[in-house]
Number of protein chains: 2
Amino acid sequence: MDTGAGRPGRATYRHGDLRRALLEAGVELARGGGPDAVVLREATRRVGVAPSAAYRHFADRRALLDEVCSAAQAALAVAIEDEMNTLPVGGDPVGSARAQLRAVGTGYLRFARDEPGLFRTAFSVSEDLRNAGSPARAGEGGLTPFQLLGSALDGLVEAGLLPRERRPGAEFLAWSAVHGLAMLLIDGPLRGLDNTRVRGVERRLLDMVDQGL
Amino acid sequence: MDTGAGRPGRATYRHGDLRRALLEAGVELARGGGPDAVVLREATRRVGVAPSAAYRHFADRRALLDEVCSAAQAALAVAIEDEMNTLPVGGDPVGSARAQLRAVGTGYLRFARDEPGLFRTAFSVSEDLRNAGSPARAGEGGLTPFQLLGSALDGLVEAGLLPRERRPGAEFLAWSAVHGLAMLLIDGPLRGLDNTRVRGVERRLLDMVDQGL
DNA sequence: TGTAGATGTGAACGTTGTACACAAATCTAT
DNA sequence: ATAGATTTGTGTACAACGTTCACATCTACA
């Protein structure tokens, strides 16, 4: 009777927490090689289970990948939150609002740089914007990356830095700029640019958003 | 002796132009389903040849994909050129310079919308920026997308719209914004946005670049 | 206790990329 | 023209992948 859900998962039959284990393995695979690297058989192999066992918990590879992708978005949210938490709390409201938005961008880019595999995975979703504000994609504060950006933009409006009539849709503009740079840096033709130059481009891009929004 | 290189490729042994045929099949696959869809066996199947025949012309699948990707970038360059050619030639230099840059962005986004598969393929390169200005990736004018953007920015400097000291690296900023929007529109969470809203976002994004560069 | 449902196994199928020995067409040099 | 040498396509084979299905086993509840 020593089988099964002992705590950390024994060796024999019932795993006890296969779903979570497969998901974690999938995240690790995604971290190392992006969405294409989350391979069903490899995940089961790492967990020590037969390939077909995965189908008890995920409809197919895509279903597993979707959940890995949610986890990656949550990790991105955490990275953004981390960056925002480094900001001093008080101070003047307008400077603070501007700094908040910048922090969103900086966190986003830092995550893309530190975790390129997870970053690429985060945006290989199969669904559209409808689920952009869903449970599993949030950070510790309960907000998804998209929502974090939205609230930073709201702050800009309240601080009088962004005319209220230009607020709707503004997340798409800011997001596009930062996301595009991230892609070009990790996947695209800017790959291999040295770090100081990268920092420079990042700063100037955030300036552009700041100024052109 | 009716075999072989009649002109358009007969049915028996020597194909005569297998390399180009495989490349074209690969482009068609990419058009339909992006980089993942360019499958070696399917390309050989469409050309009517054994799978292993491909290895006489391409080192491996990745080599074929790389060439398909170059073709996709050339197609992107043509789309941008098309957009630029719709512009009136004369007129005031500053307005014209600004319009040129806008045309680059518009053509870029139009290509992403019209040919999402090719667009995604165009940016799945394995190399970095070193080969961004290479032969096969150019349009009819002989310039790659990157170079077209660069020359538009040069025009901006000459028209006095962009301070010369901010010219270096400016392509990365403009490119990031437009590229990011393209990605979010076709692959990302903005997929499925209705057309009028898309146009609106596109216009505002180009405004942002215009103003924030 | 015994039966129903959940969960993991093993073998199997069709698909992919790739390697290798072989065969046919063309080229080159005598 | 004829005999190699070289190119180019064929056929077979292998490992890995996603997926399915019949079966075994564990758990829970009557």
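Note that the coordinates shown come from a computational prediction; the quantities given were computed from them, not determined experimentally. Each chain gets a letter, A, B and so on, in the order the sequences are listed, and its residues count up from 1.
A sub-4.0 Å separation between OP1 or OP2 of C:dG8 and a side-chain N or O of A:His57 is present.
One atom, CG of A:Asp36, and another, P of D:dC17, lie 13 Å apart when rounded to the nearest Å. If you measure from atom CG of A:Leu40 to atom P of C:dT16, you get 18 Å, rounded to the nearest angstrom. Computed from coordinates, the B:Asp60 CG to C:dT18 C1' distance equals 9 Å when rounded to whole Å. Straight-line distance from the CG atom of B:Leu65 to the P atom of C:dG17: 11 Å, rounded to whole Å. Atom CD of A:Glu42 is separated from atom C1' of D:dA15 by 14 Å (rounded to the nearest Å). Rounded to an integer number of Å, the gap from CG of A:Asp17 to C1' of C:dG8 is 15 Å. Following rounding to the nearest Å, B:Arg19 (CZ) and D:dT7 (P) show an atom-to-atom distance of 15 Å. Put simply, OH on A:Tyr55 is 4 Å from P on D:dT19, counting in whole angstrom units.
Using modelled atom types, no side-chain atom of B:Arg137 and backbone atom of B:Pro145 make a donor-acceptor pair closer than 3.5 Å. The backbone N or O of A:Ala79 sits less than 3.5 Å from a side-chain atom of A:Arg110, completing a donor-acceptor pair. Listed for the B:Arg191 side chain is a donor-acceptor partner under 3.5 Å among the backbone atoms of B:Asp187. A side-chain donor-acceptor contact under 3.5 Å links B:Glu81 to the backbone of B:Glu140.
Among the protein residues, B:Arg41 comes within range of the nucleic acid bases, having at least one heavy atom under 4.0 Å from a base atom. Within 4.0 Å (heavy atoms only), B:Arg56 reaches at least one base atom of the nucleic acid. B:Arg45 comes within 4.0 angstrom of the backbone, heavy atoms only, and of no base.
Applying the 3.5 Å distance criterion, the base of C:dG10 shares a donor-acceptor pair with the side chain of A:Ser52.
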